Enquirer: 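Please read through the structure below; I'll follow up with questions.
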Protein chains: 2
Amino acid sequence: MTRTTQLSRQSSQERQASLIQAATTLFAKKGFNGTTTKEIARAAGISEALVFKHFPTKRALYAAILAEKVTVNELLGAIEESAKKQDDRRVFTLIAGYRIRPDVDPTLLRLLLFSALEGHELSDMFFGKHHKVFYDHLATYIQTRVNDGAFRPLDPLLAARAFIGMVVHHRLLHEIFGVPMDRPYDDTVSTYVDIFLQGLVAAPHTSGARKLRTRI
Amino acid sequence: MTRTTQLSRQSSQERQASLIQAATTLFAKKGFNGTTTKEIARAAGISEALVFKHFPTKRALYAAILAEKVTVNELLGAIEESAKKQDDRRVFTLIAGYRIRPDVDPTLLRLLLFSALEGHELSDMFFGKHHKVFYDHLATYIQTRVNDGAFRPLDPLLAARAFIGMVVHHRLLHEIFGVPMDRPYDDTVSTYVDIFLQGLVAAPHTSGARKLRTRI
DNA sequence: ATCCGGCGAGTGAGTGATTACTCACCGGAA
DNA sequence: TTCCGGTGAGTAATCACTCACTCGCCGGAT
């Protein structure tokens with residue numbers, strides 16, 4: 001057994017942090033029901049009893065994880081800036097890049113899906129912090145571009161969901177379903193943005209009778 | 001207690017069928033680890049022991065479900081037909097319609113996600129039967145349209161994934177994350193198809209230098 | 001007609017293992 | 001001495017799974 005680390009006493013805060021770290025990995029990999037408190041303790045290098053000194057129940061530990069893992073939104077600043085310049089391509093690339101980039105931890109995606117599927121009470125909040133911000137932001141941007149006349153009139157929220165859907169689906173296929181992706185990552189983003197921007201711009205291609213029912 | 005049904009003896013096949021039915025609902029709702037064999041037995045109206053007369057293990061029952069729930073592909077015929085007529089809009093609408101229509105059982109989507117997340121060995125096959133057929137089909141169609149010159153050159157598989165991604169994401173938001181959808185269903189489909197078709201057609205909107213790196 | 005014997009559907013009452021969680025206790029630093 | 005981080009050894013409950021058994025039905029010998 002190689003248990004070289006964590007022999008020493010740690011402060012309560014340090015312990016709690018490394019405990020959350022270990023638990024996050026396990027919950028993301030095997031879900032709430034699939035993870036035992038014994039496993040968590042072993043992964044954190046402590047006894048099972050100590051886990052319950054920090055969190056009263058297993059569920060409380062899980063809740064703490066969902067509550068803690070909020071996206072750091074330095075990204076939103078960059079988007080805001082590109083939005084002011086009306087740089088469509090860059091706005092979409094930034095959002096797609098964040099959601100699709102392979103170096104962004106796939107753990108959160110799994111955690112999000114698990115919590116939603118298992119119906120955890122904090123799932124909504126987790127979803128709000130991790131997904132909703134993105135398409136609310138994007139929807140707002142699309143709305144302004146529609147008002148400009150740069151994009152054709154359509155439901156901006158629906159359009160935002162559609163774009164993020166493409167991109168999230170790509171991550172899903174790769175990380176959850178294990179579909180191999182042969183093209184380099186930024187190549188893929190570029191293609192997605194290409195398709196989508198051309199799909200949104202004001203000039204419609206009107207082949208035959210296209211009934212374009214759009215409210216708002 | 002209202003246990004009016006299933007007091008009588010049933011044939012092995014009938015039992016097995018109703019057992020699978022009951023188990024499917026439960027596995028989809030709570031996942032493999034979240035469902036107990038006692039629950040399954042109770043839902044099927046039989047004793048727990050009888051469950052194990054039909055399936056040697058809980059996992060075997062789960063495997064039987066994944067193996068059994070294969071999509072009936074009467075839909076693919078309709079798509080094929082529209083594809084021959086090169087009716088782009090109808091091809092995409094058919095695929096989107098199937099994947100997004102609210103009357104199509106959400107159970108399968110949950111089952112698919114659970115099996116993938118929990119890493120079940122039959123997940124791949126289940127995914128292949130339920131998802132892969134759709135975007136392989138769509139990719140083939142897109143490829144022919146690219147060859148025709150009707151669509152601009154791009155990776156057809158990537159494009160197919162992108163479109164189905166939009167549509168699956170929509171179901172995900174609604175059925176898994178509980179996001180309310182205020183627009184009627186066929187209105188949404190129409191918008192998605194609008195965006196996507198315009199994004200694919202041959203005339204690019206070329207704002208500035210658009211590097212369009214496409215292989216194949 | 002009646003008896004019989006085997007068979008398959010069905011079950012109650014368990015089995016050991018594992019679960020989340022508790023408690024009495026330890027040892028080093030202040 | 002007194003906290004406080006840390007633990008070993010539990011506990012009751014629950015888990016998947018088993019076993020010995022009953023019941024009703026059907027086909028054939030009497």
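Quick note on labels: first sequence line is chain A, next is B, and so on, each numbered from 1. All values derive from a computational prediction rather than experimental measurement.
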Enquirer: What nucleic acid atoms does S11(B) come within less than 4.0 Å of, heavy atoms only: base, sugar-phosphate, or nothing?
Expert: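 Counting heavy atoms under 4.0 Å across all strands, no contact is made by S11(B).
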Enquirer: Among dC19(D), dT7(D), dG5(D), which nucleotide sits nearest the side chain of R9(A)?
Expert: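 Minimum distance to the R9(A) side chain belongs to dG5(D).
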Enquirer: Can you label the angle between the F32(A) ring and the F27(A) ring as parallel, tilted or perpendicular, going by 30° and 60°?
Expert: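 Answer is parallel, since the angle falls under 30°.
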Enquirer: Can you measure I40(B) atom CD1 to dA16(D) atom P for me and round it to whole angstrom units?
Expert: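 It works out to 8 Å between those atoms.
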Enquirer: Is the distance from OP1 or OP2 of dG6(D) to the nearest side-chain N or O of S47(A) less than 4.0 Å?
Expert: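 So the side chain of S47(A) is outside the cut-off, no N or O lying under 4.0 Å from OP1 or OP2 of dG6(D).
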Enquirer: Quick check on the 6.0 Å ring-centre criterion: do Y192(B) and H170(B) meet it?
Expert: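 Centroid separation for Y192(B) and H170(B): below 6.0 Å.
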Enquirer: If I take atom CD in residue E48(A) and atom P in nucleotide dT19(C), what distance separates them, rounded to the nearest angstrom?
Expert: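 These atoms are roughly 9 Å apart.
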Enquirer: Closest approach to the side chain of Q10(B), judged atom by atom: which nucleotide of dC19(D), dT7(D), dG10(C) is it?
Expert: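 The closest nucleotide is dG10(C).
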Enquirer: Relative to each other, are the rings of H131(B) and H169(A) parallel, tilted or perpendicular (30° and 60° limits)?
Expert: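 Taking H169(A) first and then H131(B), their aromatic rings lie parallel (interplane angle under 30°).
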Enquirer: Report the distance from atom CZ of F32(A) to atom C1' of dA20(C), rounded to the nearest whole Å.
Expert: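 In whole Å, dA20(C) C1' lies 10 Å from F32(A) CZ.
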Enquirer: Roughly, in whole Å, what's the span from CD in E39(B) to P in dT14(D)?
Expert: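 After rounding, the gap between these two atoms is 12 Å.
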Enquirer: For K58(A) and for S12(B), locate the closest nucleotide of DNA chain C by heavy-atom distance; then report the residue assigned to the nucleotide nearer the 5' terminus.
Expert: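 On the 5' side of the pair lies S12(B).
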Enquirer: With no angle test and no hydrogens, is the base of dT18(D) tied to the side chain of K53(B) by a donor-acceptor pair under 3.5 Å?
Expert: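 Between dT18(D) and K53(B), which were checked side chain against base, a qualifying N/O pair under 3.5 Å is absent.
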Enquirer: Of the nucleotides dG6(D), dT7(D), dT18(D), which one has an atom closest to the side chain of I46(A)?
Expert: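 Of the options given, the side chain of I46(A) lies nearest dT7(D).
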Enquirer: Starting the side chain at C-beta, find the nucleotide from dT7(D), dA16(D), dT11(C) nearest to L50(B).
Expert: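 Nearest listed nucleotide: dT11(C).
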Enquirer: Expressed in angstrom and rounded to an integer, what is the separation of K38(B) atom NZ from dA13(D) atom P?
Expert: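 Rounded to the whole Å, the gap is 12 Å.
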Enquirer: Between P on dA9(C) and CD on E14(B), what's the gap in Å once rounded to a whole number?
Expert: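 Atom-to-atom, E14(B) to dA9(C), this comes out as 11 Å.
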Enquirer: Quickly work out the N33(B) CG to dA20(C) P distance and round it to whole Å.
Expert: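 Taking atom P of dA20(C) as the reference, CG of N33(B) is at 11 Å.
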Enquirer: Between dA20(C), dT7(D), dA16(D), spot the one nearest the side chain of T36(B), thanks.
Expert: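 Selected nucleotide (nearest to the side chain): dA16(D).
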Enquirer: Measure from NZ or CZ of K132(A) to the centre of the six-membered ring of F127(A), then state whether that distance is under 6.0 Å and the direction lies within 45° of the axis.
Expert: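 No, K132(A) does not sit over the ring of F127(A).
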Enquirer: Over how many whole Å does the gap from F52(B) atom CZ to dG10(C) atom P extend?
Expert: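 Computing the F52(B):CZ to dG10(C):P distance gives 16 Å.
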Enquirer: Considering only side-chain heavy atoms of R15(A), which listed nucleotide, dG6(D), dT18(D), dT22(C), is closest?
Expert: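 Of the options given, the side chain of R15(A) lies nearest dG6(D).
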Enquirer: Of the listed nucleotides (dC17(D), dC21(C), dT22(C)), which one gets closest to any side-chain atom of A49(A)?
Expert: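 Nearest listed nucleotide: dT22(C).
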Enquirer: Can you label the angle between the Y141(B) ring and the F151(B) ring as parallel, tilted or perpendicular, going by 30° and 60°?
Expert: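 Correct class here is perpendicular.
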